[in-house]
Amino acid sequence: MASSMLNGAENLTLMRGLSPNGLGFVGSNFNGSKLGLVSCRRIHPKSRSFIVPKCSISSSTPRPASQPRFIQHKKEAFWFYRFLSIVYDHVINPGHWTEDMRDDALEPADLNDRNLVVVDVGGGTGFTTLGIVKHVDAKNVTILDQSPHQLAKAKEKAPLKDCKIIEGDAEDLSFPTDYADRYVSAGSIEYWPDPQRGIKEAYRVLKIGGKACLIGPVYPTFWLSRFFADVWMLFPTEEEYIDWFTKAGFKDVKLKRIGPQWYRGVRRHGLIMGCSVTGVKLASGDSPLELGPKVEDVSKPVNPFVFFLRFLLGATAGMYYVLVPIYMWIKDQIVPKGQPI
């Protein structure tokens, strides 16, 4: 997936911005989830270019991140998960965020020491945290989420009983500067009104040499999926992920594509967990990026009628992506193996 989702084999296109210090595809077939890796670095300002993989590019581009979708506001997301938390682990994860995908997406985070201090931002029910505590002692892991209903599910999981579990805002983290060895966030950025601010915070809370690993969706190519993506929540392009990390100050920025086995590499309909992006913090202190006031003020009153209408439209659009994996799974059973679906 580049500015759109994968639809078969990838081509390479030269674009303005960064220069590659390595480009390799992890795995050579389209049946696995290890579909690609992009590594970028800054070069001289007079010669700024980078290579990113891309597929058949559609003429449409996603709505700018500065124009939030219906469930991209914190209040709508709070109530969305108030109800979704009841069935999240049983309905959402099986289609969009499986254990194999989770472990594959976390591999670039280098969780190679039991004593690492890790923050799981937007950790929700703790599904991703279960993958983290396979490699890191639970007592060194903090789960943060704005939804107490999601966190209540995390507290019920025995392997997470020693984790710190706190409510908080991904765009205004309560952790001190230079605090953590690893920052992980999976399935959360799509609800951030200001993704650049959230990634800037990821940089701030990491120690020197610390690594951020952010996992999220990528903008689809199929016209109907694009429509529902722009109604529901944020589906960034791969270029946007890389740009946000680079602007925040991260170095050695890499992007890895992920997906379930049965998608066979064809993800034009949209995949909730589409890529895993990592970057390294090489200097102490806050991010060099300066931003203005927050995009969204959650303390401001809202019109109940407008809120309900936005919530209803956003939740309805979200239902489309509950049906997508069912549709793709059925196609996988019908279409002969070895052929793209």
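- In this structure, the side chain of E240 engages the main chain of T237 through a donor-acceptor pair within 3.5 Å.
- Taking the side chain as every heavy atom from C-beta outward, L214 and S276 never approach each other to under 4.5 Å.
- C213 is not listed as a side-chain neighbour of V277, based on a closest heavy-atom distance of 4.5 Å or more.
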**Working for salt bridge (Lys or Arg N to Asp or Glu O under 4.0 Å), residues D172 and R197** = CA-CA 8 Å; D172 188 14; R197 187 179 299 276; over 6 Å; no
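- Judged as a salt bridge (Lys or Arg N to Asp or Glu O under 4.0 Å), the pairs with a partner in residues 200-218 (not counting sequence neighbours) are, in order, D110-K211, D181-K207, K200-D286, E201-R204.
- Across all their heavy atoms, L130 and V133 have their closest contact at O-CG2, 3.4 Å.
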**Intermediate values then yes/no, side-chain contact (heavy atoms from CB on, under 4.5 Å), I132 and D120** = CA-CA 9 Å; I132 295 172; D120 183 4; 4.1 Å; yes
**Evaluation steps, side-chain contact (heavy atoms from CB on, under 4.5 Å), between V119 and Y179** = CA-CA 9 Å; V119 294; Y179 167 76; 3.8 Å; yes
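- In this structure, CG in D104 is found 9.0 Å from OG1 in T98, a value given to the nearest 0.5 Å.
- The closest donor-acceptor contact from the side chain of S185 to the backbone of S188 lies at 3.5 Å or more, if one exists at all.
- Looking only at distances, a side-chain donor or acceptor of S287 sits under 3.5 Å from a matching main-chain atom of A248.
- Put simply, the side chain of E167 never gets that close to the backbone of S147: no donor and acceptor are under 3.5 Å apart.
- Cluster partners of L282, by chain and number: V280. The rule joins Ile, Leu, Val, Met, Phe, Trp and Tyr whenever side-chain heavy atoms lie under 4.5 Å apart.
- Under the 4.5 Å side-chain criterion, counting only non-hydrogen atoms from C-beta, Y327 is not in contact with L323.
- A distance-only check finds no donor-acceptor pair linking the side chain of R182 to the backbone of L111 [under 3.5 Å].
- With rounding to the nearest 0.5 angstrom, the NZ atom of K153 is 15.5 Å from the CZ atom of F127.
- Contact annotation: the side chain of R102 approaches that of L106 to within less than 4.5 Å [non-hydrogen atoms, C-beta and beyond].
- If you check the side chains of D230 and Y219, you find a donor sitting under 3.5 Å from an acceptor.
- Taking all atoms of both residues into account, the shortest heavy-atom contact from Y183 to G198 is OH-O, 4.1 Å.
- Every residue meeting the ring pair (Phe, Tyr, Trp, His ring centres under 6.0 Å) condition with F250, not counting sequence neighbours, appears here in chain and number order: Y203, F245.
- Distance check, rounded to the nearest 0.5 Å: CG of L206 to OG1 of T177 gives 10.5 Å.
- Connection of V121 to L291 is not established within any shared hydrophobic cluster, with ILVMFWY side chains joined at heavy-atom distances below 4.5 Å, either directly or through further cluster members.
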**Request:** Please assess I215 against C275 for the test side-chain contact (heavy atoms from CB on, under 4.5 Å), listing each intermediate value before the final yes or no.
**Result:** CA-CA 6 Å; I215 303 158; C275 68; over 6 Å; no
**Asked** Can I143 and I166 be said to form a side-chain contact (heavy atoms from CB on, under 4.5 Å), step by step?
**Response** CA-CA 6 Å; I143 309 172; I166 61 176; over 6 Å; no
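- In this structure, V141 and T129 have side chains that are in contact, with non-hydrogen atoms separated by less than 4.5 Å.
- Under the ring pair (Phe, Tyr, Trp, His ring centres under 6.0 Å) criterion, F227 pairs with no residue, sequence neighbours left out.
- I208 is not connected to I199 by any chain of hydrophobic side-chain contacts under 4.5 Å among Ile, Leu, Val, Met, Phe, Trp and Tyr, and they are in different clusters.
- Within the structure, the salt bridge (Lys or Arg N to Asp or Glu O under 4.0 Å) test picks out the following pairs touching residues 129-144 (sequence neighbours left out): D103-K134, R114-D137.
- L289 and I242 fall into different hydrophobic clusters, where Ile, Leu, Val, Met, Phe, Trp and Tyr are joined by side-chain heavy atoms under 4.5 Å apart, directly or via other members.
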**Prompt:** Between S225 and Y320, does a side-chain hydrogen bond (donor to acceptor under 3.5 Å, both in side chains) hold up when you go through it step by step?
**Reply:** CA-CA 8 Å; S225 296; Y320 170 83; 2.7 Å; yes
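- Nearest heavy-atom pair, L234 versus P195, reported as atom, atom and distance to 0.1 Å: CD2-CG, 3.8 Å.
- Here the closest non-hydrogen pair linking I189 and P217 is CG2-CD, 4.4 Å.
- Proximity of N112 to H135: side-chain heavy atoms (C-beta onward) are nowhere separated by under 4.5 Å.
- Checking side-chain atoms of K281 against main-chain N and O of A202 turns up no donor-acceptor pair under 3.5 Å.
- In terms of heavy-atom proximity, L144 sits nearest to S174 at CD1-OG, 4.4 Å.
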**Prompt:** Under the ring pair (Phe, Tyr, Trp, His ring centres under 6.0 Å) criterion, do Y321 and F235 qualify, and how do the steps go?
**Reply:** CA-CA 12 Å; Y321 284 96; F235 280 64; 5.1 Å; yes
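- For K164, the NZ atom counts as densely surrounded, since its 6.0 Å shell holds more than 12 non-hydrogen atoms of other residues, nucleotides or ligands.
- Taking both residues in full, the closest heavy atoms of G126 and A154 are given as N-CB, 3.9 Å, listed atom of the first, atom of the second, then distance.
- With hydrogens and angles ignored, the 3.5 Å screen pairs a side-chain donor or acceptor of D178 with a backbone N or O of G285.
- Taking 4.5 Å as the limit, every side-chain heavy atom of Y241 sits out of range of all side-chain heavy atoms of V253.
- In terms of the salt bridge (charged side-chain N to carboxylate O under 4.0 Å, His left out) criterion, K155 has no residue partners (sequence neighbours excluded).
- Residue E290 qualifies as open at atom CD: its count of foreign heavy atoms under 6.0 Å is 12 or below.
- Q196 contributes a side-chain N or O that, together with a main-chain N or O of W244, makes up a donor-acceptor pair within less than 3.5 Å.
- T125 is listed as a side-chain neighbour of K157, based on a closest heavy-atom distance under 4.5 Å.
- For R226 (side chain) and P220 (main-chain N/O), no donor-acceptor pair under 3.5 Å exists by modelled atom type.
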